[in-house]
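Throughout, a chain's letter reflects where its sequence line sits, starting with A, and its residues are numbered from 1. The model shown is predicted, which means the values in this text are computed figures rather than measured ones.
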Amino acid sequence: MTPSPVLLRRTQQVIQQLKRSYPEAHCELDYANPLQLLIATILSAQCTDVRVNLVTPALFIRCRNANDYATIPQTELEVIIRSTGFYRAKARSIRACATALVSDHQGEVPQTMKELHQLAGVGRKTANVVLGNAFNLAEGVVVDTHVGRLSRRMGLTRQVDPVKVESALVKLVPKKEWTLFSHLLIAHGRKRCPARKPDCANCEILKLCPRIGAR
DNA sequence: ATCCCGAGGG
DNA sequence: CCCTCTGGAT
């Protein structure tokens, strides 16, 4: 099903305006290579990027390659990443993920959705983050809590399931802008349009918002 | 649908 | 207290 011209146009306007409002929009996780981004993104589940960036400096010193993550004791890893929440599950995922990197991928981070998605702790969202930001090989749009919420508020989709939101977005957004699009929506979601108390009075894209503006 | 789990805001 | 923060696995 091809999207309506009206929706396509609104999407273009949203992108255009957000580019002006957030010219610096980028991935807020601190990382220096694909492995560091993969680990940071696993840690970012249900947690702010600011908090992830608080624990990764020590983690990246302790673990410099996939083998280091595969062999670090569970408890030692838990202590380092504790404040990011879900620390037992995240530590298990990271160790299992790294073990697979060593045994199946020569210790390197794979560059396809299929391979990334098979790693422990790596869902579509995490895989899309790594593909788009570390490799510039986006196979889809990152749909996190912000992208899902803003896409619905802006009337780009009515879907709730992140996978369905993504399939709607890839039809609306030019492929070249998939990665930037997520960064723009996340930046706006944080600054102006959080889940709880959106600051509509100062919103840069209020006129494009079907609930408030555009009427 | 439920669990994993910490930290901060309102 | 309840909700939210760049989710994923069972």
Side-chain angles (χ1 to χ4, degrees), chain A residues 18 22 24-31 34 36-56 58-59 69 74-75 77-101 109 113-135 138-154 156-157 159-166 169-170 173 177-200:
Chain A
L18 289 182
Y22 307 98
E24 306 295 310
H26 66 289
C27 180
E28 297 280 344
L29 294 170
D30 294 335
Y31 67 97
Q36 289 189 355
L37 179 58
L38 174 61
I39 300 299
T41 309
I42 290 174
L43 292 176
S44 75
Q46 299 295 294
C47 171
T48 62
D49 52 349
V50 173
R51 183 151 301 283
V52 173
N53 292 338
L54 244 36
V55 311
T56 46
L59 180 60
Y69 289 106
Q74 173 77 14
T75 304
L77 182 53
E78 287 179 359
V79 170
I80 298 174
I81 69 172
R82 188 175 189 284
S83 69
T84 65
F86 297 158
Y87 60 90
R88 290 193 196 87
K90 287 176 181 176
R92 272 196 301 272
S93 291
I94 287 170
R95 295 172 72 238
C97 174
T99 299
L101 290 182
V109 179
M113 168 63 68
K114 180 179 169 62
E115 292 172 298
L116 279 165
H117 202 353
Q118 288 176 354
L119 299 169
V122 180
R124 273 199 77 85
K125 181 262 176 181
T126 298
N128 275 326
V129 168
V130 173
L131 288 170
N133 295 282
F135 298 127
E139 293 185 31
V141 174
V142 171
V143 178
D144 58 30
T145 178
H146 291 299
V147 175
R149 183 181 68 252
L150 266 70
S151 295
R152 285 186 290 276
R153 284 182 176 172
M154 295 309 298
L156 303 184
T157 181
Q159 299 295 336
V160 175
D161 176 6
V163 176
K164 293 181 179 174
V165 173
E166 184 181 346
L169 291 177
V170 294
V173 180
E177 310 205 271
W178 282 354
T179 301
L180 174 62
F181 178 79
S182 295
H183 292 152
L184 291 172
L185 260 59
I186 291 165
H188 189 61
R190 274 206 287 255
K191 180 184 180 187
R192 204 66 84 193
C193 197
R196 189 89 56 111
K197 201 184 72 172
D199 181 15
C200 301

Which value, in whole Å, describes the distance between the C1' atoms of nucleotides C:dC3 and B:dC5?
-> 15 Å

Decide whether A:Ser182 and A:Lys125 meet the rule of one side-chain donor and one side-chain acceptor closer than 3.5 Å.
-> no

Atom CD of A:Glu78 and atom P of B:dG6 are separated, to the nearest Å, by 10 Å

Please assess A:Leu59 against A:Leu77 for the test side chain to side chain contact (heavy atoms under 4.5 Å, CB included), listing each intermediate value before the final yes or no.
-> CA-CA 8 Å; A:Leu59 180 60; A:Leu77 182 53; 3.6 Å; yes

Between the side chain of A:Arg92 and the main-chain N/O of A:Ala120, is any donor-acceptor distance below 3.5 Å?
-> no

Any A:Arg51 side-chain nitrogen or oxygen under 4.0 Å from OP1 or OP2 of B:dG6 | no

Rounded interatomic separation in angstrom, taking CG from A:Asp161 and P from B:dA1 = 12 Å

Side-chain heavy atoms of A:Ile186 within contact of A:Val147, under 4.5 Å | yes

Answer yes or no: does a side-chain N or O of A:Tyr87 lie under 4.0 Å from OP1 or OP2 of B:dG6?
-> yes

For A:Arg82 and B:dG6, is the shortest distance between a side-chain N/O and OP1 or OP2 below 4.0 Å?
-> yes

The contact string for nucleotides 5-10 of chain C, one letter per nucleotide 5' to 3', using protein heavy atoms under 4.0 Å with B, S and - for base, sugar-phosphate only and none, comes out as BBBSS-

Side-chain contact, heavy-atom cut-off 4.5 Å: A:Arg153 with A:Pro198?
-> yes

Backbone of A:Met113 reached by a side-chain donor or acceptor of A:Glu139 within 3.5 Å | yes

Expressed in whole Å, how much space separates the P atoms belonging to B:dC3 and C:dT6?
-> 24 Å

